[in-house]
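To start, the structure under review is shown below, and the notes come after it.
Since the structure is predicted, the reported quantities are computational estimates derived from the model, not experimental observations. Note on naming: letters A, B, ... go to the chains in the order of the sequence lines (proteins, then strands), and numbering restarts at 1 for each one.
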There are 2 protein chains.
Amino acid sequence: MTALTLISENKLFNGSQRRYRHFSETTQCDMTFAVYLPPQALQGYKVPVLYWLSGLTCTDENFTQKSGAQRFAAQWGIALVMPDTSPRGEDIADAEGYDLGQGAGFYLNATEQPWAPHYRMYDYIVSELPALIESEFPVSDKRSIFGHSMGGHGALQIALKNPERYAAVSAFAPIVNPCQTPWGQKAFSAYLGGNSNSWKQYDSTELLQTASGKLPILIDQGDADSFYPQELQPETFVRTARACGFDIQFKMRPGYDHSYFFIASFIDTHIEFHAQALGL
Amino acid sequence: MTALTLISENKLFNGSQRRYRHFSETTQCDMTFAVYLPPQALQGYKVPVLYWLSGLTCTDENFTQKSGAQRFAAQWGIALVMPDTSPRGEDIADAEGYDLGQGAGFYLNATEQPWAPHYRMYDYIVSELPALIESEFPVSDKRSIFGHSMGGHGALQIALKNPERYAAVSAFAPIVNPCQTPWGQKAFSAYLGGNSNSWKQYDSTELLQTASGKLPILIDQGDADSFYPQELQPETFVRTARACGFDIQFKMRPGYDHSYFFIASFIDTHIEFHAQALGL
């Protein structure tokens, strides 16, 4: 197991907020992540882990600093893990624009150059990072996952393909149908190539129809979100999920936008949703 | 009354988080501030206002994004106002280092050059800003005030000199005796000149002994704060306050540092303290 380098540590709600760096075998570069250990974990209880996947341009710090999630993670006794949104570094491929390259990994395994060697966020999030977390911290092997925008896409497609690994999935303003919307089409054609058949394995709306298990789903969407509905079409996803027999809650939030202020406003209900799915 | 320019607006906890810019007659430059209007204010009720003064290097955004205070402001029905920590701009005097000049106004009226014409944060916070807020927003004339570090110094010295204008004062890790500690000595000698007699009007520990009213005081201090005790000596202040008959609560918080994670951990108790003083 790769060594972890502690970058910072702050006491928060009687738990511990930390940042770590480690060399990832999957992405073949140094990766940074944040973890919040609730007081129950510091007292020696093995707590479940809730993974947060951030949106375009974010690092591990946006959710850590702005969501207020740790108050409720402490209350419920859940560890939070906030990975970065892509590999990063001077030697890592990048592109002009905020929606491709560093900060925009889209939680997939790239097959095309120049992305393929490092842009393997799907394997990193599904396999390497949980193995590391469960080896190095006082946590159980119970997991749940959520995210925002591009990270909502990540959480949904990962959970739908791995229902045995997660108790539930939730998302704020997720990209649910990237094969059909501009951000997704730009990223998928670059990372996965021009054959859109290969894109479907990362499209949550497509995945609903072949999912081997039906974990509970919660989605919040603000109706004042400037990316809604062009990039974000939750209604299609929700309709398909219901037709496929999923237990899905969908909450349209009047007046809320795409920012972390929207996330902060409803983070308590998402943590409670995962706590219940985790049996807390 | 000067015109307000709306910079941004986000729905937050069913209230409204906004940033404004306006020309200040006091500082003779454009100033930026943030305001959180709780749902009660949006429904037409005149709510009291709690002023937050930030620490060195901060703008109006640090507390707005990181504290989580709006959750409790919404719960209690209190408007929050977050001013900037100094005048700013290309034409405004500045200095090397984070602890003097822009981002480090120390909530005083400078008498020395090159600071005197613009660095008048005391008058701005005590007079111009509340008059503006009470004219332009659905708020009452009930006020309370709190802050962090340099902003804790600002809140305490302002409240102690104007007990009729504020219901209570609280602070996280405040500079309480700037005449005797390095940040304060550097700033006061630059802004106020070499005669340290003129400094005492801005030293909270000095002001306790001449205060015309005794408003309730709450102070939190982390014992893992890297600026404690060299810059921060709350015990001296607390002892003097008790000797002078003030109702002061002082909470030493084991393991907490100087960051916004410390503030977020206890923000709920500070908002409740002000709510009670405001008669809510």
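At a heavy-atom separation below 4.5 angstrom, chain B is approached by no residue within residues 98-107 of chain A.
The CZ atom of A/F261 lies 15.0 Å from the NZ atom of B/K11; values are rounded to the nearest 0.5 Å. Distance check: B/N14 CG to A/Y256 OH gives 4.5 Å after rounding to the nearest 0.5 Å.
For A/T64, the parts lying near chain B are the backbone and the side chain together; criterion is any non-hydrogen pair under 4.5 Å. Looking at B/N10, the atoms closer than 4.5 Å to chain A (heavy atoms on both sides) sit in the backbone and in the side chain alike. In this structure, chain A has heavy atoms under 4.5 Å from both the backbone and the side chain of B/F13. Contacts of B/Q65 with chain A are made by both backbone and side-chain atoms, with heavy-atom separations under 4.5 Å.
Nearest heavy-atom pair, B/A264 versus A/L12, reported as atom, atom and distance to 0.1 Å: CB-CD1, 4.3 Å.
Under a cut-off of 6.0 angstrom, the local environment of NZ in B/K142 is sparse, with at most 12 non-hydrogen atoms contributed by other residues, nucleotides or ligands.
Contacts with chain B were tallied for A/Q70, A/Q17, A/R71; A/R71 has the most, counting heavy-atom pairs under 4.5 Å.
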